[in-house]
Amino acid sequence: YLIETYGEKNLGFYDIKPMETIYPNSKVFDIRQTSASRIDIIVLSKNETLPEKFVDVFVPKDIFYLGEVPLYEIYIKK
């Protein structure tokens, strides 16, 4: 979904392990350990909040649903 919708971008997550099985390691970053300049999209589960250091750089863009259940919120750079 992410590649189809947004193309080959650098992705930021809190938990990168599941995504490293799908995307190249060079494209997946832990948002706790990286800066906004290294990532293009942040993907957060519905119970996670956008870290303060990204609030002025990223805006909510999309929500990924499984059926009718919202699973992930997708943030892109302003």
Enquirer: Between I63 and P70, what is the shortest heavy-atom contact and its length?
Expert: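 For I63 and P70, the tightest heavy-atom pair comes out as CG2-CB, 3.8 Å.
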Enquirer: Could you see if Y72 belongs to whatever hydrophobic cluster contains I76? Use Ile, Leu, Val, Met, Phe, Trp, Tyr and a side-chain cutoff under 4.5 Å.
Expert: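 Per the 4.5 Å side-chain linkage, Y72 and I76 are co-clustered.
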Enquirer: Could you note down all residue pairs passing ring-ring contact (aromatic ring centres under 6.0 Å, His included) where residues 1-22 supplies at least one of them, sequence neighbours left out?
Expert: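 Checked against ring-ring contact (aromatic ring centres under 6.0 Å, His included) - neighbours excluded - the pairs reaching residues 1-22 are Y1-F64.
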Enquirer: Testing the basics here: between E73 and P60, what is the closest heavy-atom pair and its distance to 0.1 Å?
Expert: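 Looking at all heavy atoms of both residues, the shortest contact is OE2-CB, 3.4 Å.
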Enquirer: Quick check: is I31 connected to M19 through a chain of hydrophobic side chains (ILVMFWY, heavy atoms under 4.5 Å apart)?
Expert: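 They do not share one cluster, since no chain of ILVMFWY contacts under 4.5 Å joins M19 to I31.
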Enquirer: Is it the case that one hydrophobic cluster holds both I41 and I3, taking links as side-chain heavy atoms less than 4.5 Å apart, direct or via other members?
Expert: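 Yes, one cluster joins them.
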Enquirer: Give the cluster check for I39 versus V28: same hydrophobic cluster or not, with ILVMFWY residues linked at side-chain heavy-atom distances below 4.5 Å.
Expert: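 Looking at the clustering, V28 is in a separate group from I39.
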Enquirer: Look only at the side chain of K53 and the backbone of T34, and say whether a donor-acceptor pair between them is shorter than 3.5 Å.
Expert: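 Indeed, once roles are kept as given, a pair shorter than 3.5 Å links the two residues.
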Enquirer: Tell me whether V59 is reachable from Y75 by hopping between hydrophobic residues (I, L, V, M, F, W, Y) whose side-chain heavy atoms are closer than 4.5 Å.
Expert: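 Not linked; separate clusters.
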Enquirer: Answer yes or no: does atom NZ of K27 have more than 12 heavy-atom neighbours from other residues, nucleotides or ligands under 6.0 Å?
Expert: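 Yes, because the 6.0 Å sphere around NZ of K27 holds more than 12 heavy atoms from other groups.
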Enquirer: Check for a donor-acceptor pair, side chain of D40 on one end and backbone N or O of N10 on the other, with a separation under 3.5 Å.
Expert: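 Yes; at least one donor-acceptor contact below 3.5 Å.
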Enquirer: I need the full list of ring-ring contact (aromatic ring centres under 6.0 Å, His included) pairs touching residues 16-57, with sequence neighbours left out, sorted by first then second residue.
Expert: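 As it turns out, the ring-ring contact (aromatic ring centres under 6.0 Å, His included) pairs with a partner in residues 16-57, which skip direct neighbours, are F54-F58.
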Enquirer: How long is the gap from NZ on K78 to NZ on K61, to the nearest 0.5 Å?
Expert: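 Rounded to the nearest 0.5 Å, the NZ-NZ separation comes out at 14.5 Å.
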Enquirer: In plain terms, say whether K17 and D15 are close enough for a salt bridge, that is, a side-chain N and a carboxylate O under 4.0 Å apart.
Expert: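 Result for this pair is no, no salt bridge flagged.
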Enquirer: Quick one: OG on S26 to CZ on R38, what's the gap to the nearest 0.5 Å?
Expert: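 Nearest 0.5 Å value for the OG-CZ distance: 9.5 Å.
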Enquirer: Do L11 and L2 have side chains that get closer than 4.5 Å, going by heavy atoms?
Expert: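 A side-chain contact under 4.5 Å exists here.
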Enquirer: Between OG of S45 and CD of E48, what distance do you get to the nearest 0.5 Å?
Expert: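 It is 3.5 Å, given to the nearest 0.5 Å.
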Enquirer: Measure across L50 and V55 and return the closest heavy-atom pair with its distance rounded to 0.1 Å.
Expert: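 So the two residues come closest at CD2-CA, 4.0 Å.
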Enquirer: Write down the atom of V57, the atom of A36, and the distance for their closest heavy-atom approach.
Expert: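 Looks like CG1-CB, 3.9 Å.
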